[in-house]
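Contents: one structure, followed by commentary.
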Amino acid sequence: MDLLINVGLPVSLAIIMLSLGIGLEVADFRRVISRRYPFAIGAVCQVVLLPVAAFVTVKLFALPPAIAVGFMLLSFCPGGVTSNILSKLAKADVALSVSLTAVISLLSIFTVPVLAAWSIDHFMGEDAPEVSISGLALAMFLITTLPVAIGVGLRHFATGFANRIDGPLSKLATILFVLIVIVALAGNWQLFVDNLGIMGAGLISLNLALLLIGLGLARAAKLSWNEAKTISIETGIQNSTLGITLAALITGTESGFSPLALPSAVYGITMYAVAIPFIAWYRNR
């Protein structure tokens with residue numbers, strides 16, 4: 001268990017982020033300048049509205065403190081590779097999706113530690129573990145920002161090599177992710193069983209709400225249909241591996257996977273059940 005949490009978990013996330021970086025080009029960052037308006041709408045949805053929706057959901061469902069923090073941690077995690085793949089399947093604006101993923105993922109090193117510290121203090125009070133914002137930021141840099149930067153560098157300077165390792169990296173990351181979700185659930189099985197009903201309902205409700213909020217705001221902002229589909233997916237899809245990793249970084253690994261990781265672990269399963277009907281609708285319209 002300790003080996004999986006201390007080594008397998010950060011390595012899995014680093015591989016996922018490296019795979020994300022390999023799929024990015026410098027042009028994906030430059031595109032933000034030429035497409036400021038749709039990017040701004042997407043950024044507001046992800047950085048502001050998403051955590052607000054999670055906070056409202058936590059309050060409405062009256063979730064236990066540790067589960068509530070887990071919901072908030074999940075809401076701080078940008079979609080990553082998954083949102084890019086789903087945007088492509090939905091025939092959405094993949095270029096916009098990639099640009100949002102690239103920039104928001106890099107910004108998360110600044111936003112996530114501060115918001116995570118606030119959430120833990122707010123929901124757990126005296127039972128809150130001590131959180132080092134600078135330590136969390138450094139850890140996130142090493143396992144998220146740095147792999148993305150390395151991936152972008154490989155794509156730019158060694159394109160052939162990047163193309164060869166992209167597929168195997170994605171498959172390895174998927175296998176590790178599935179293993180981590182299973183072990184996270186098994187390590188908190190009784191808590192999972194006791195809270196499955198309310199936690200599952202909360203996650204599905206939040207996921208549905210975010211997909212619809214992103215779509216509605218984008219249409220209200222008069223973005224194109226393809227742009228609106230992208231904003232919906234980017235708002236509604238989170239990186240559950242990052243959520244599980246954040247929980248481990250915050251609480252330590254002495255007692256196995258933290259209860260804070262449960263929402264992200266369950267979301268790793270429910271996300272696809274909620275997203276697939278949307279993707280099918282988006283593809284056919």
Side-chain angles (χ1 to χ4, degrees), residues 16-17 19-25 27-28 31-32 34-35 37-47 49-50 53-54 57 74-75 77-105 155 163 166-171 173-175 177-178 181 200-201 203-243 264 266-285:
I16 290 172
M17 300 311 290
S19 178
L20 169 62
I22 285 176
L24 298 175
E25 299 178 357
D28 296 321
R31 194 181 297 115
V32 173
S34 61
R35 303 189 66 184
Y37 185 56
F39 176 83
I41 298 298
V44 167
C45 284
Q46 284 192 292
V47 178
L49 294 184
L50 205 165
T57 302
L74 178 64
S75 75
C77 303
V81 181
T82 304
S83 64
N84 300 156
I85 294 172
L86 293 180
S87 291
K88 185 175 182 179
L89 291 174
K91 298 180 180 178
D93 190 327
V94 179
L96 176 60
S97 174
V98 170
S99 295
L100 278 165
T101 297
V103 176
I104 301 301
S105 293
R155 168 66 62 183
N163 288 334
D166 191 10
L169 273 179
S170 298
K171 291 177 183 177
T174 300
I175 293 171
F177 166 70
V178 172
V181 167
L203 285 169
I204 291 171
S205 299
L206 177 61
N207 206 174
L208 281 170
L210 291 172
L211 287 164
L212 293 171
I213 287 171
L215 181 64
L217 184 61
R219 296 303 277 170
K222 302 189 183 304
L223 298 185
S224 71
W225 176 237
N226 283 345
E227 289 173 335
K229 289 191 289 186
T230 296
I231 301 301
S232 170
I233 293 168
E234 288 292 325
T235 307
I237 301 300
Q238 275 65 61
N239 185 344
S240 54
T241 309
L242 178 55
S264 291
V266 176
Y267 175 83
I269 301 169
T270 61
M271 171 184 69
Y272 294 101
V274 175
I276 286 173
F278 275 85
I279 302 305
W281 176 46
Y282 288 159
R283 279 183 64 86
N284 296 318
R285 184 179 175 190

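Reckoned from all heavy atoms, side chains included, excluding hydrogens, waters and symmetry mates.
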Heavy atoms of L217 and C45 approach each other most closely as CD2-SG, 3.4 Å
Applying salt bridge (charged side-chain N to carboxylate O under 4.0 Å, His left out) to R35 and not counting sequence neighbours gives D93, E227
A43 and L100 have their tightest heavy-atom pair at N-CD2, 3.8 Å
dist L211:CG -> I233:CD1 (nearest 0.5 Å) comes out at 8.0 Å
Practice item. May I ask you to decide if L89's main-chain N or O and R283's side chain share a donor-acceptor pair within less than 3.5 Å? Key: yes
Closest non-hydrogen atoms of T230 and A92, given as atom of the first, atom of the second and distance, are OG1-CB, 3.3 Å
Heavy atoms of P38 and L96 approach each other most closely as CB-CD2, 4.1 Å
Minimal heavy-atom distance between I213 and A53, with the atoms involved, is CD1-CB, 4.4 Å
Sorted by chain and residue number, the side chain to side chain contact (heavy atoms under 4.5 Å, CB included) partners of L50 (sequence neighbours excluded) come out as S75, L210, Q238
Quiz item: Do L169 and I22 come within less than 4.5 Å of each other through their side chains, counting heavy atoms only?
Solution: yes
All heavy atoms of L203 vs all of Y267, minimum pair found to be CD1-N, 3.8 Å
Sequence neighbours excluded, the answer for side chain to side chain contact (heavy atoms under 4.5 Å, CB included) partners of T57 is F61, F71, L206
side-chain hydrogen bond (donor to acceptor under 3.5 Å, both in side chains) pairs touching residues 80-89, sequence neighbours excluded, are S83-T101, S83-E234, N84-S97, N84-T101, S87-S97
Exercise. Apply the test side-chain contact (heavy atoms from CB on, under 4.5 Å) to residues V98 and E25: give CA-CA distance (whole Å), side-chain angles for both, the deciding distance (0.1 Å), then the verdict.
Key: CA-CA 9 Å; V98 170; E25 299 178 357; over 6 Å; no
Taking only distance into account, with no hydrogens and no angle test, what donor-acceptor pairs under 3.5 Å do side-chain atoms of residues 271-282 form with protein atoms, sequence neighbours excluded?
{"residue": "Y282", "atom": "OH", "partner": "S232", "partner atom": "OG", "Å": "2.8"}

Sequence neighbours excluded, the answer for side chain to side chain donor-acceptor pair (under 3.5 Å) partners of N207 is none
Practice task
Please step through side-chain contact (heavy atoms from CB on, under 4.5 Å) for the pair L223 and I231, ending with a clear verdict.
Solution key: CA-CA 10 Å; L223 298 185; I231 301 301; 4.0 Å; yes
